[in-house]
Amino acid sequence: MKKIVTILGARPQFVKAAVLSRVIQKHDEIEEIIIHTGQHYDQNMSEIFFEEMQIPKPKYNLQINGLSHGAMTGQMLEKIEVILQEEKPEIVVVYGDTNSTLAGALAAKKMDIKVVHIEAGLRSFNMKMPEEINRIMTDRISDLLLCPTDVAISNLEKEGFENLNVKVEKSGDIMKDAVEYYSVFSSEKSTIIQDLEIEKENFVLATIHRQENTDDIQKLIEIFKGLQEINSKCEVVIPLHPRTKKILIENDLMFQMTAIEPVGYFDMLELLKNCKMVVTDSGGLQKEAFFNKKPCIIAREETEWVELVSNNFAKLVGSDLEKILTAYYDFSEAKLDFSKNLFGKNVGETIYQSILKL
Ligand code: UD1
């Protein structure tokens, strides 16, 4: 049996890890031990994902959260190292671009444990984003880089990865498997559409949490003004990330729209399936919109998922009020063909086989 340690800590990582854990359990050839760094910790930011998606219970929960980037990453590094010394895995698996990703990869690599990075090669080319720094650092010290798209592969080629003694493979996007598998359960179990008394195909789903938007109050105000304006035409439902909520309250900012607490994965899938379009600064939600055949307005200056924009499924609007509204009107009229396969298929199984061969 191969022994792997999976390191996760933030909401999107729970969704991705759920897919691979399910494949691992099906095959029974790998022993997986999960470390939860505790970066996301509220019941509705963490526990609900483990319950709904039946992710195996983490053996370790480090409860590291609410700190500055340096303190968070440093504490994670220290605690993960102790666990890896104890567990002695052959492989450590990390996902995406969070502080938990970087801390996990760094701790493992310095102990000569092989690192697998799922969602490798993505770049926004914006070095002001903490996520971009985490991605670049993690990719550089990984042994197996599993890329979701051709663009991700070509980003790594441009950075010279073909000259390194590492494996770079295209796996497709693991979030696609999650949407396909859990959609059946969400329609049975979620009652969010009835609970919120919203009309199918007649509301806009929004999420805003990126530090580049929340830390610049002018940007945040512009984005929320845009959402409020949209709300006067079509109800906007926004599950509020704790950081965004805190900043809105601290600055006494109130906007007209349907703000709710963060939702679990099943509720999110039902909101996605039934909305008219999505406005977001999240990386994951951009693709989840596409998988659910919904246009997406991206409240950022750039995206790692450039194929969504080049194929006109999404528009980049930054925090520009006019652009947000123009995109809303354009997408309200548009008839888009979502049949294109941009993100692969059977991704969990592909990733599993690659890890097995490492
Ligand atoms: C992190 C990731 C980002 C990912 C996002 C998904 C980094 C650098 N960023 O950002 O890549 O897109 O997760 O959501 O790792 N908080 C709570 N309750 C919670 C979770 C967070 O109150 O359950 C608070 C934290 O204490 C903190 C703030 O929200 O003050 C932001 O959380 P943080 O862990 O810094 O990262 P995210 O912004 O969520």
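One-based numbering, in listed order, for ligands and for the atoms of each.
Contact annotation: for S282 versus ligand 1, there are no heavy atoms closer than 4.0 Å.
For F343 and F291, the ring centers are positioned less than 6.0 Å apart. Ring-centre distance between F14 and H36: below the 6.0 Å cut-off.
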I'd like a table of donor-acceptor pairs (distance under 3.5 Å, sequence neighbours excluded) in which one partner is a side-chain atom from residues 170-178, with atom names and distances.
from, atom 1, to, atom 2, distance (Å)
K170, NZ, D150, OD1, 3.1
K170, NZ, D150, OD2, 3.4
S171, OG, C147, O, 3.3
D173, OD1, M175, N, 3.4
D173, OD1, K287, NZ, 3.4
D173, OD2, K287, NZ, 2.9
K176, NZ, N341, OD1, 3.4
K176, NZ, G344, O, 2.5
D177, OD1, V347, N, 3.1
D177, OD2, V347, N, 3.2
D177, OD2, G348, N, 2.8

Which donor-acceptor pairs under 3.5 Å do side chains of residues 215-224 form with protein atoms, sequence neighbours excluded?
from, atom 1, to, atom 2, distance (Å)
D215, OD2, Q211, NE2, 3.4
D216, OD1, Q218, N, 3.1
D216, OD1, K219, N, 3.3

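When R135, H40, Q43 are ranked by how near their heavy atoms come to atom 14 (O) of ligand 1, first place goes to H40. Considering M129, H209, Q39 only, the shortest heavy-atom separation from atom 12 (O) of ligand 1 involves H209.
At the shortest separation from atom 10 (O) of ligand 1 among protein heavy atoms lies R243 NH2, 4.1 Å. Of the protein's heavy atoms, E131 OE2, 3.6 Å lies nearest to atom 9 (N) of ligand 1.
Remark: distances from the non-hydrogen atoms of K246 to ligand 1 are all 4.0 Å or more. Proximity of N99 to ligand 1 is established by a heavy-atom distance of less than 4.0 Å. The closest approach between a heavy atom of Q211 and any atom of ligand 1 is not below 4.0 Å.
Put simply, atom 5 (C) of ligand 1 has protein non-hydrogen atoms near it, under 4.0 Å away. Note that atom 23 (O) of ligand 1 has protein non-hydrogen atoms nearby, at separations under 4.0 angstrom.
Panel note: side chain Q13, backbone Y95; a donor-acceptor pair is recorded below 3.5 Å. Between the side chain of T73 and the main chain of G70, no donor-acceptor pair closer than 3.5 Å is present.
Remark: ligand 1 and Y41 share an N or O pair separated by less than 3.5 Å (distance only, no angle test). Ligand 1 has no nitrogen or oxygen under 3.5 angstrom from a nitrogen or oxygen of N65.
Ring orientation note: the planes of F290 and F313 are tilted relative to one another, at an angle of 30° to 60°.
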